[in-house]
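Worksheet: the structure to be examined is printed underneath.
Lettering follows sequence order; numbering is per chain, from 1.
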Protein chains: 2
Amino acid sequence: MEFSNVSERRATTPPLGVSTVVFMLRPEEDAEGRPGLWLPLVRRTREPYRGHWALPGGPVRGDTSLRTAAADTLKDTTALAPRLLEQLYTFGGTDRGEGQRLVSVVYWALVRAEDPHAELLQDPDVAWFPAAAAPGELAFDHQRILDYALARLRAKVGYADVAQRLLGETFTLAQLRAAHEAILDTRLDPANFRRTVLARGSLEDTGDVHTGGMGRPAHLYRAIDTRQQTVLPDPEGERS
Amino acid sequence: MEFSNVSERRATTPPLGVSTVVFMLRPEEDAEGRPGLWLPLVRRTREPYRGHWALPGGPVRGDTSLRTAAADTLKDTTALAPRLLEQLYTFGGTDRGEGQRLVSVVYWALVRAEDPHAELLQDPDVAWFPAAAAPGELAFDHQRILDYALARLRAKVGYADVAQRLLGETFTLAQLRAAHEAILDTRLDPANFRRTVLARGSLEDTGDVHTGGMGRPAHLYRAIDTRQQTVLPDPEGERS
DNA sequence: TAAATAGTGTCTCTTAGACAATATCGT
DNA sequence: ACGATATTGTCTAAGAGACACTATTTA
């Protein structure tokens with residue numbers, strides 16, 4: 001962008017980092033037998049906030065885009081490719097905790113619950129936590145960032161086809177509904193949910209059914225990407 | 001935020017800048033006698049893109065917040081305090097035009113149409129342009145940024161009380177409707193607009209009427225800030 | 001008076017939600 | 001058969017939009 005108004009640029013450009021709020025649907029049942037939203041956190045090994053949990057992140061180097069930097073830190077922590085990766089907000093207040101100035105471009109991501117747990121549990125400094133009950137006091141302003149990411153996710157799930165990214169290739173409407181319920185922390189009427197989500201036109205009936213469950217078998221659906229976007233896309237998001 | 005995963009930070013942190021898309025409602029009538037959306041641009045005096053128009057902006061110094069940096073550049077160009085200043089998006093691709101890498105945190109702002117024109121017109125390198133018809137080829141990726149800002153504004157005017165910030169202390173519903181029409185580039189039904197906007201509960205009838213116009217005098221309304229926010233606020237936005 | 005704008009009333013259509021009713025599976 | 005879940009049907013309430021109608025000013 002270059003600087004249109006100022007003739008000299010001082011050597012005081014603040015350091016720039018990327019952090020990512022990663023959400024995953026943990027299929028293990030919670031108290032009421034329903035899946036829940038979890039996120040990975042990293043324990044800080046240095047001051048400030050040594051020992052506190054923090055969002056995964058890292059510095060931005062001059063030769064990588066912000067989005068790539070976010071994707072890289074995501075791969076480092078979860079070893080998964082994000083099913084959704086969008087920019088959340090850039091935090092650049094002068095006092096975001098313990099003195100030092102840092103500008104953080106924060107992304108949020110959704111990943112599928114496939115295999116990451118094992119290797120993560122080997123590292124005691126990386127762990128998954130319930131999104132609504134982060135452990136103790138998070139480092140810096142990360143609790144506020146997490147709250148904002150959750151609020152954005154909750155808002156977005158109401159009008160965009162987002163929750164599907166938490167699930168596998170095919171899924172029943174009950175599973176998709178469980179994902180919505182985990183995000184919103186409410187119960188949704190199965191009948192109305194079905195109509196609402198089908199009306200969006202982003203689901204395709206595979207014809208197969210999911211048998212083995214409790215009651216009547218449910219049809220399996222697949223996400224189809226609707227090329228005619230109705231919502232504002234991330235301007236630097238993935239091309240397609 | 002500090003870096004949780006990476007042990008060393010390279011000295012390659014990209015330079016950081018702020019730019020702002022400023023919208024103003026120009027009361028001078030357009031072809032059909034209606035106000036229009038305008039924005040200020042700055043002519044580049046250096047390479048690259050010398051001579052092209054660009055969004056006003058500047059570097060971020062280590063001791064100012066991003067929001068403050070945006071407000072400062074706004075003051076430099078329009079000499080007005082923004083009635084609304086929100087973060088738009090952070091552009092940080094590796095090739096945003098003509099080589100050099102720059103990360104730009106972009107804000108968008110609304111200002112009232114009061115007095116800025118005079119002093120701006122004295123500077124041939126700062127000028128106002130219709131938002132929908134920016135001059136020639138803008139520098140860098142600024143045309144895309146402008147498009148995105150317009151899209152966001154158009155989306156937001158549908159659910160948030162934003163257009164009022166373009167007007168003065170008191171205004172008629174016809175003036176507010178004209179602002180909406182300028183933003184959306186459509187005509188709105190006066191009757192339905194009245195009901196919709198009054199239902200939001202953010203307007204207060206002053207009791208006074210606006211006389212001197214063509215037909216029946218219209219009541220003057222005032223914006224009241226509804227403390228119970230229903231939309232997601234800018235997380236680093238103004239406290240209140 | 002006519003023209004113009006402000007403001008009210010009404011009608012239709014769509015959508016969200018509550019909730020009843022039916023369908024089809026495991027046990 | 002019974003319990004559980006899937007799926008469909010139906011009813012109501014709220015909101016958006018089209019449009020007729022009334023009210024009050026200037027010319």
Side-chain angles (χ1 to χ4, degrees), chain A residues 27 29 32-35 154-161 163 167 170-181 183-222 230-231, chain B residues 27 29 32-35 154-161 163 167 170-181 183-222 230-231:
Chain A
E29 321 77 24
E32 302 85 32
R34 334 190 51 73
R154 284 177 173 148
K156 192 142 195 172
V157 85
Y159 62 87
D161 307 317
L167 306 174
T170 65
F171 45 84
T172 68
L173 292 184
Q175 291 171 327
L176 183 59
R177 175 163 46 88
H180 279 249
E181 290 176 338
I183 291 172
L184 298 171
D185 194 26
T186 37
R187 302 302 302 271
L188 299 173
D189 182 275
N192 296 331
F193 177 81
R194 154 183 296 272
R195 267 185 297 256
T196 304
V197 78
L198 286 183
R200 286 185 189 164
S202 67
L203 294 183
E204 180 187 42
D205 192 335
T206 64
D208 299 334
V209 293
H210 177 74
T211 172
M214 231 3 195
R216 171 176 169 178
H219 281 215
L220 283 170
Y221 289 81
R222 183 199 343 268
T230 72
V231 284
Chain B
E29 322 79 23
E32 303 84 34
R34 334 188 54 74
R154 285 180 172 144
K156 192 144 194 169
V157 86
Y159 62 86
D161 308 315
L167 305 173
T170 65
F171 46 84
T172 68
L173 292 184
Q175 291 170 328
L176 183 60
R177 177 163 46 88
H180 279 250
E181 291 175 337
I183 292 172
L184 297 172
D185 192 27
T186 36
R187 304 300 303 272
L188 299 173
D189 182 276
N192 295 331
F193 178 80
R194 153 183 298 272
R195 268 185 296 254
T196 304
V197 77
L198 287 182
R200 285 185 191 165
S202 66
L203 294 184
E204 180 186 40
D205 193 334
T206 64
D208 299 333
V209 293
H210 177 73
T211 173
M214 230 1 194
R216 171 176 172 179
H219 282 215
L220 284 169
Y221 288 81
R222 186 199 338 272
T230 71
V231 282

query: Is Asn192(B) atom CG crowded by more than 12 heavy atoms from other residues, nucleotides or ligands, each under 6.0 Å away?
result: yes
- prompt: Going through the checks in order, is the side chain to side chain contact (heavy atoms under 4.5 Å, CB included) test met by Asp189(B) and Phe193(B)?
  reply: CA-CA 6 Å; Asp189(B) 182 276; Phe193(B) 178 80; over 6 Å; no
message: Between C1' on dA6(C) and CD on Gln175(B), what's the gap in Å once rounded to a whole number?
response: 13 Å
- prompt: Roughly how far, to the nearest 0.5 Å, is the NE2 atom of His180(A) from the OG1 atom of Thr186(A)?
  reply: 10.5 Å
message: In whole Å, I'd like the distance from the NE2 atom of His210(A) to the C1' atom of dT24(C).
response: 15 Å
Distance in angstrom units between Arg177(B) CZ and dA6(C) P, rounded: 6 Å
message: Just the rounded figure in Å: distance from P of dA6(D) to CG of Leu220(A).
response: 11 Å
task: Check the distance between dA18(D)'s P and Phe193(B)'s CZ and give it to me in whole angstrom.
output: 15 Å
query: Taking atom P of dA16(C) as reference, at what distance in whole Å does atom CZ of Arg187(A) sit?
result: 20 Å
- prompt: Roughly how far, to the nearest 0.5 Å, is the NE2 atom of His219(A) from the NE2 atom of His210(A)?
  reply: 13.0 Å
- request: List the steps, then state whether side chain to side chain contact (heavy atoms under 4.5 Å, CB included) holds for Asp208(A) with Thr170(A).
  value: CA-CA 9 Å; Asp208(A) 299 334; Thr170(A) 65; over 6 Å; no
task: Quick one, give me the B/S/- string for nucleotides 19-27 of chain D, reading 5' to 3', where B means a protein heavy atom under 4.0 Å from the base and S means that only happens at the primed atoms, P, OP1 or OP2.
output: B---BBBS-
statement: Separation of dG7(C) atom P from Leu198(B) atom CG, nearest Å, is 9 Å
statement: Whole-Å distance, Arg194(B) CZ to dG15(D) P, equals 18 Å
- request: Hey, could you give me the CG/CG distance between Leu173(B) and Asp205(B), rounded to the nearest 0.5 Å?
  value: 8.5 Å
